[in-house]
Structure formats: structure tokens, C-alpha cells
Amino acid sequence: MKEFAVAAARTEAEGENADEPVGEFTLAGQEFRAYLPSTGQISVLIASQGLGQNLRDIHNLLRKLMLDDGYSRLVGLLNDNVIGIGMLYGGDELNDTGILDYLIELRSGRPTTSSNGSSPSPASGGKRSTGRVRGATSVPSTSLSTAS
């Protein structure tokens, strides 16, 4: 029988691991620190969106990632209606992304920016991207194609 090895789990008694990456952000005048989510945690969060369990998984993940009393302060901001649920994940009317989006971007090493709605214009001039050049003796066909 195959036995899979797993890394030792971090326990609350161990405290913060200096090797584990941490993200920092401010919200409503408060400073927060959180571990960056693992690829496994990110995949569970994304998969939960289609299972109707997204809100529960957002809170579970934030509870695991937030350092110090960060999670309880976030819940307090939610309860006091200072922030909405979109601030936790997905963004809201004032922010393009939420806290988890930001932490995921930090983990990936590629922070995203909002698209301006248009793609860059192709370069003018130069060789065509296909590299095909019509031969000197080639003549386009004038017959109608037959569809079957």
C-alpha cells in the first residue's frame, strides 16, 4: 500500500514561522498581517465557489491565515458594518479586490491590475505573424467552394 508523506502541520503553540511568507495590509485604519495561502488552500477556496460553500470557506481560510487577533478584528468590522463581505474576497464598490485576492496575488508573485477594457494595438508594419508568403506564381482561386 502506498503511504504518502506530509509536512508537519503548524500548531498554534509554535507561533509564527520566520520562513513562512506573510502579507501586510491596512483596513479601516488598522494594520493586519496574514500568512499567504498555500496552493492547496487556494484550490479549495476556488472549488468551493461552485459548491455553495464559499462564504464558510472564506471565513475558515481567513481564520487560519490571519495573525494575532486579525480575524476577530475583521469579524468586528463586518459586524459593525464598516466593511462588507466583498472586502474579504472578490472586492466591493471601492476596491477591485478583497483581502484574500490580495494574499493570493502575493503568493503568486504576480499582483494583478484591472484591465482597461482594451488590448494593446498590434505593431504596425513588419512581417506577418504567420510568416506565409504567397508564391510568385500562385493565383487565388475564383471557383466557389463546395460544402458537404
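Bear in mind the structure is a predicted one, so any value in this text is a computation, not a measurement. Just so you know, these numbers use all the heavy atoms, side chains as well, and skip hydrogens, waters and symmetry mates.
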Colleague: Which residue in the set L55, L74, L100 passes side chain to side chain contact (heavy atoms under 4.5 Å, CB included) when paired with L88?
Modeller: L74
Colleague: Taking the side chain as every heavy atom from C-beta outward, state whether H59 and I85 have any pair of such atoms under 4.5 Å apart.
Modeller: yes
Colleague: Could you pull out the closest heavy-atom pair between A34 and M66, with the gap in Å?
Modeller: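 Closest heavy-atom pair between A34 and M66: CB-SD, 3.7 Å.
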Colleague: Without swapping roles, check the side chain of D101 against the backbone of G90 for a donor-acceptor pair under 3.5 Å.
Modeller: yes
Colleague: Taking R33 for its side chain and L67 for its backbone only, find out whether a donor-acceptor pair lies under 3.5 Å.
Modeller: no
Colleague: Pairs in or reaching into residues 77-94: which pass salt bridge (Lys or Arg N to Asp or Glu O under 4.0 Å), with residues at least two apart or in two chains?
Modeller: none
Colleague: Residues two or more places apart in sequence or in another chain: which of them pass salt bridge (charged side-chain N to carboxylate O under 4.0 Å, His left out) with R73?
Modeller: D69
Colleague: Would you say that L106 contacts P21 through its side chain, given a criterion of any heavy-atom pair below 4.5 Å between the two side chains?
Modeller: no
Colleague: Side chain to side chain contact (heavy atoms under 4.5 Å, CB included) with L103: which of I42, L36, V22?
Modeller: L36
Colleague: Pick from L77, V82, N95: which one makes a side chain to side chain contact (heavy atoms under 4.5 Å, CB included) with M87?
Modeller: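 The residue from L77, V82, N95 that satisfies side chain to side chain contact (heavy atoms under 4.5 Å, CB included) with M87 turns out to be N95.
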Colleague: Enter the distance from L27:CG to I83:CD1 here, rounded to the nearest 0.5 Å.
Modeller: 5.0 Å
Colleague: Is it the case that more than 12 heavy atoms not belonging to Q30 sit under 6.0 Å from its CD atom?
Modeller: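 Yes, the 6.0 Å shell around CD holds more than 12 heavy atoms from other groups.
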Colleague: Got Y89 and L45 here, is their nearest side-chain heavy-atom distance under 4.5 Å?
Modeller: yes
Colleague: Test of understanding: clusters of I, L, V, M, F, W, Y form through side-chain heavy atoms closer than 4.5 Å, transitively. Do V44 and I104 belong to the same one?
Modeller: no
Colleague: Fit a plane to each ring of F25 and F32, take the angle between them on a 0 to 90° scale, and name the class: parallel (under 30°), tilted (30 to 60°) or perpendicular (over 60°).
Modeller: parallel
Colleague: Residues two or more places apart in sequence or in another chain: which of them pass ring pair (Phe, Tyr, Trp, His ring centres under 6.0 Å) with Y102?
Modeller: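 For Y102, no residue satisfies ring pair (Phe, Tyr, Trp, His ring centres under 6.0 Å) once neighbours in sequence are set aside.
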Colleague: Mind checking whether Q41 and K64 have side chains closer than 4.5 Å, heavy atoms only?
Modeller: yes
Colleague: What's the separation between atom CZ in R63 and atom OH in Y71, rounded to the nearest 0.5 Å?
Modeller: 4.0 Å
